[in-house]
There are 2 protein chains.
Amino acid sequence: MATIKDIAKLAGVSVTTVSRALNGYSDVNAKTRKRIEEIAKEIEYSPNALARSLVMNKTKTIGLLVSGLSREGAKDNIVFDVLTGINEYCGAEEYDLVLFNTTTSKQKEKTYAQLCRERRVEGVIVQGIKNDDPYLQEIFDSNIPCVLIDVPVESETAGYVTTDNVDGLMKAVRHLVELGHENIAMMNGHDQAFVSKERFKGFELGMLEAGLSVRKEWICNGEYSERKAQEVALQLLTTYPEITAVVCASDLMALGVVRAAEELGRKVPDQLSVTGYDDITLASYVTPALTTVAQDWFRMGYAAADLLLSILQQKSVDRVRLIENELKIRNTTKERV
Amino acid sequence: MATIKDIAKLAGVSVTTVSRALNGYSDVNAKTRKRIEEIAKEIEYSPNALARSLVMNKTKTIGLLVSGLSREGAKDNIVFDVLTGINEYCGAEEYDLVLFNTTTSKQKEKTYAQLCRERRVEGVIVQGIKNDDPYLQEIFDSNIPCVLIDVPVESETAGYVTTDNVDGLMKAVRHLVELGHENIAMMNGHDQAFVSKERFKGFELGMLEAGLSVRKEWICNGEYSERKAQEVALQLLTTYPEITAVVCASDLMALGVVRAAEELGRKVPDQLSVTGYDDITLASYVTPALTTVAQDWFRMGYAAADLLLSILQQKSVDRVRLIENELKIRNTTKERV
DNA sequence: TTGAAAGCGCTAACAC
DNA sequence: GTGTTAGCGCTTTCAA
């Protein structure tokens with residue numbers, strides 16, 4: 001593979017001159033530069049990014065730590081959308097992305113900081129990490145520039161992007177209340193997620209606002225899983241048939257709840273209203289189409305990359321980016337009869 | 001950031017010894033090794049992969065060239081699934097993945113080979129590239145180890161993974177024929193894809209096998225797009241109401257066809273049978289659930305990584321990997337009335 | 001405008 | 001077992 005040395009030899013100049021010529025420095029004779037450029041093209045020279053990074057101490061690379069990169073993650077297109085957003089922004093800024101490979105088994109061998117330092121990534125975007133992931137503490141402790149999706153971490157070198165989950169869930173509750181519902185249950189995810197807590201807060205606030213009481217037995221955890229939510233909802237709706245609406249913390253769980261209702265012979269939305277959260281692709285394709293709080297995952301990814309690069313450039317920007325959400329009313333919610 | 005030099009100084013040995021100790025060579029005194037390892041841990045040393053790669057001429061990195069990494073690609077979870085499969089295999093083999101950023105605008109500035117050589121990736125996996133993409137020729141010409149998904153390229157350094165698309169489509173046709181259909185149309189994708197040609201071949205063969213004639217006017221192109229397919233199908237079914245079944249080259253297009261049928265007041269599957277291809281997540285969630293030819297994208301990604309690493313290790317394995325497909329009979333196909 | 005030389009952090013002959 | 005030395009391909013003082 002051709003190096004600047006080869007070019008230097010062929011052009012009869014020093015490597016210094018070649019380096020300068022190719023990097024667009026002004027103090028190079030026009031003719032020399034031209035000759036060097038020609039030779040470079042001819043011998044198909046491409047700069048060795050490794051060598052350059054080594055000496056410049058900059059890699060133009062950012063790391064991606066993705067927890068949901070598993071077979072299951074395909075159903076909600078969230079991870080994918082975020083990735084696309086990141087990719088879009090980084091592409092424009094000439095940054096490359098490296099996907100860190102972090103199976104749980106591997107986490108024991110290598111710490112987060114090791115992972116980052118080895119590859120000398122300039123910063124990291126973290127997605128889908130749970131509150132109890134050992135890496136999270138490390139992210140806190142290390143001072144590697146980092147942006148998290150939906151996990152609140154703020155520091156000199158870290159920030160996060162999220163949506164207003166409290167408000168998002170309130171929108172869902174309000175909608176249900178407007179439709180006359182009073183016996184509203186909530187299917188939350190699990191406790192290891194920041195967003196779960198926020199969404200629950202939104203539920204409480206929404207109910208409070210409407211003068212409705214929150215019944216503890218009507219709050220369940222579906223582990224963000226369709227199957228689990230279905231199971232739990234079956235139980236819930238059997239025990240408390242007076243429930244007329246269920247707000248869910250994810251679309252997948254909402255799908256599970258709808259299924260449970262069907263199992264019990266309760267038509268959605270006529271005999272049960274259900275709302276989701278996320279607006280995954282499935283939400284609008286399924287029958288009945290899900291009423292849900294839409295999050296723009298692409299924009300979140302895009303914003304995350306933007307924020308990270310700002311941090312890298314030492315810009316003193318706000319460390320948190322809030323992306324808007326929006327209630328999409330479709331066919332799983334209806335007036336209480 | 002700590003280097004082996006630092007360790008060497010602290011341990012009072014040479015950098016060579018440190019290097020050897022940390023890399024598990026046998027010719028290091030046990031005590032020396034222990035001391036070195038302790039110091040390394042203490043000062044939080046992590047090896048600089050850049051420096052190592054530079055001298056070893058091996059990066060343990062493979063490049064990913066993904067065309068469908070766009071907002072649209074989220075609907076079919078194909079890209080994501082393949083990525084997951086690749087990630088899974090590479091993780092186990094300690095390879096990292098770098099996502100090449102290739103917006104079309106950027107392709108003009110940087111050639112494929114440049115992209116790869118700059119980052120010194122050991123090999124590349126290419127997904128979603130169209131026949132008319134300028135990069136494809138470059139992939140041919142360069143001798144960078146490469147594995148393509150669904151594009152037949154075979155050489156010393158290149159291979160591909162695909163499914164038997166001819167057979168896959170024949171399965172769909174056979175199924176329809178068994179249900180008594182004779183007036184079968186095909187909604188193909190576009191001409192820039194290898195798989196389109198194969199699937200069309202399968203259609204012809206399937207029809208031939210059943211003693212049915214292929215009518216040219218009944219073959220259309222939906223550009224692998226839901227909307228376009230719907231548009232085209234509307235036209236087709238209006239002009240030729242005698243058509244009782246449509247086989248599609250993708251699920252998304254099948255969805256479009258179903259929609260077109262609905263528009264025309266024709267119930268699927270009662271008054272029109274439709275088959276898809278891919279078995280994307282939507283396929284089984286939509287109502288009616290799509291009868292489709294399932295491809296295991298995860299396995300394809302996994303196999304691609306496996307094949308690429310084999311090529312890298314100079315193994316003289318077969319350059320093509322064929323993954324099985326399977327007809328999933330669901331609710332968009334029914335006996336002709 | 002150009003070149004010599006040093007050095008980024010690491011590995012690997014080779015010598016001791 | 002351990003150290004010396006050279007060198008991977010590049011950028012960057014500093015001097016000419």
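Here is how names work: the chains are called A, B, and so on, in the same order as the sequence lines, proteins then strands, and each is numbered from 1.
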| task | For the helix from dT1(C)-dA16(D) to dC16(C)-dG1(D), measure the angle between the helix axis at one end and the axis at the other, each built from five pairs, rounding to 10°. | result | 40°
| remark: Residues passing the side-chain hydrogen bond (donor to acceptor under 3.5 Å, both in side chains) test with E118(B), sequence neighbours excluded, are K110(B)
| Spacing between N57(B) atom CG and dG7(D) atom C1', to the nearest angstrom | 12 Å
| query | Nearest-Å distance, CZ (R119(A)) to P (dG9(C))? | reply | 18 Å
| message | Does N48(A) reach a base, just sugar-phosphate, or nothing at all? Heavy atoms under 4.0 Å. | response | sugar-phosphate
Would you be so kind as to tabulate the donor-acceptor pairs closer than 3.5 Å made by side chains of residues 24-33 of chain B, with sequence neighbours excluded?
{"from": "N29(B)", "atom 1": "OD1", "to": "K31(B)", "atom 2": "N", "distance (Å)": "2.7"}
{"from": "N29(B)", "atom 1": "OD1", "to": "T32(B)", "atom 2": "N", "distance (Å)": "3.4"}
{"from": "R33(B)", "atom 1": "NH2", "to": "Y25(B)", "atom 2": "O", "distance (Å)": "2.3"}

| Under the side chain to side chain donor-acceptor pair (under 3.5 Å) rule, what pairs show up with a residue in residues 8-17 of chain B, not counting sequence neighbours? | S14(B)-T17(B)
| Under 4.0 Å between a side-chain N/O of K58(B) and OP1 or OP2 of dC8(D), yes or no? | no
| note | For Y224(B), the ring-ring contact (aromatic ring centres under 6.0 Å, His included) test, sequence neighbours excluded, returns H190(B)
| request: Output yes when a side-chain donor or acceptor of E138(A) lies under 3.5 Å from a complementary backbone atom of Y112(A), and no otherwise. | output: yes
Output side-chain donor-acceptor pairs under 3.5 Å for residues 296-306 of chain B, partner residues at least two apart or in another chain, one line each.
{"from": "D296(B)", "atom 1": "OD1", "to": "R71(A)", "atom 2": "NH2", "distance (Å)": "3.1"}
{"from": "D296(B)", "atom 1": "OD1", "to": "F298(B)", "atom 2": "N", "distance (Å)": "3.4"}
{"from": "D296(B)", "atom 1": "OD1", "to": "R299(B)", "atom 2": "N", "distance (Å)": "3.2"}
{"from": "D296(B)", "atom 1": "OD2", "to": "R71(A)", "atom 2": "NH2", "distance (Å)": "3.3"}
{"from": "D306(B)", "atom 1": "OD1", "to": "Y89(B)", "atom 2": "OH", "distance (Å)": "2.8"}
{"from": "D306(B)", "atom 1": "OD2", "to": "R321(B)", "atom 2": "NH2", "distance (Å)": "2.9"}

| Whole-Å distance separating the CG atom of L22(B) from the C1' atom of dC10(C) | 11 Å
| message | Whether S14(A) contacts dG3(C) is assessed here as follows: a side-chain N or O lying under 4.0 Å from the phosphate OP1 or OP2. Is that the case? | response | yes
| In whole angstroms, how far is the C1' atom of dC10(C) from the NZ atom of K5(B)? | 10 Å
| task | Please list residues of residues 29-44 of chain A whose heavy atoms come under 4.0 Å from any atom in DNA chain C, ordered by number; otherwise none. | result | N29(A), T32(A)
| Could you run down nucleotides 11-16 of chain C 5' to 3' and tag each one B, S or - for protein heavy-atom contact under 4.0 Å? | BBB---
All N/O donor-acceptor pairs, side-chain side in residues 54-61 of chain A, below 3.5 Å, sequence neighbours left out:
{"from": "T59(A)", "atom 1": "OG1", "to": "R120(A)", "atom 2": "O", "distance (Å)": "2.6"}
{"from": "K60(A)", "atom 1": "NZ", "to": "E93(A)", "atom 2": "O", "distance (Å)": "3.4"}
{"from": "T61(A)", "atom 1": "OG1", "to": "T59(A)", "atom 2": "O", "distance (Å)": "2.9"}
{"from": "T61(A)", "atom 1": "OG1", "to": "R119(B)", "atom 2": "NH1", "distance (Å)": "2.6"}
{"from": "T61(A)", "atom 1": "OG1", "to": "R119(B)", "atom 2": "NH2", "distance (Å)": "3.2"}

| message | Is any side-chain heavy atom of R20(A) closer than 4.5 Å to one of V13(A)? | response | no
| request: With sequence neighbours excluded, tell me which residues meet side-chain hydrogen bond (donor to acceptor under 3.5 Å, both in side chains) with R319(A). | output: none
Please table the atom pairs, donor to acceptor, closer than 3.5 Å between any side-chain atom in residues 75-86 of chain B and protein atoms at least two apart or in another chain.
{"from": "K75(B)", "atom 1": "NZ", "to": "Y285(A)", "atom 2": "OH", "distance (Å)": "3.0"}
{"from": "N77(B)", "atom 1": "OD1", "to": "T281(B)", "atom 2": "N", "distance (Å)": "3.0"}
{"from": "N77(B)", "atom 1": "OD1", "to": "T281(B)", "atom 2": "OG1", "distance (Å)": "3.3"}
{"from": "N77(B)", "atom 1": "ND2", "to": "D81(B)", "atom 2": "OD2", "distance (Å)": "3.0"}
{"from": "N77(B)", "atom 1": "ND2", "to": "T281(B)", "atom 2": "OG1", "distance (Å)": "3.1"}
{"from": "T84(B)", "atom 1": "OG1", "to": "F80(B)", "atom 2": "O", "distance (Å)": "2.8"}

Only pairs under 3.5 Å count here: list side-chain donor-acceptor contacts from residues 141-148 of chain A, not counting sequence neighbours, and write none if there are none.
{"from": "D141(A)", "atom 1": "OD1", "to": "Q137(A)", "atom 2": "NE2", "distance (Å)": "3.1"}
{"from": "S142(A)", "atom 1": "OG", "to": "I144(A)", "atom 2": "N", "distance (Å)": "3.2"}

| query | CG of D6(A) versus P of dG9(D): gap in Å, rounded? | reply | 8 Å
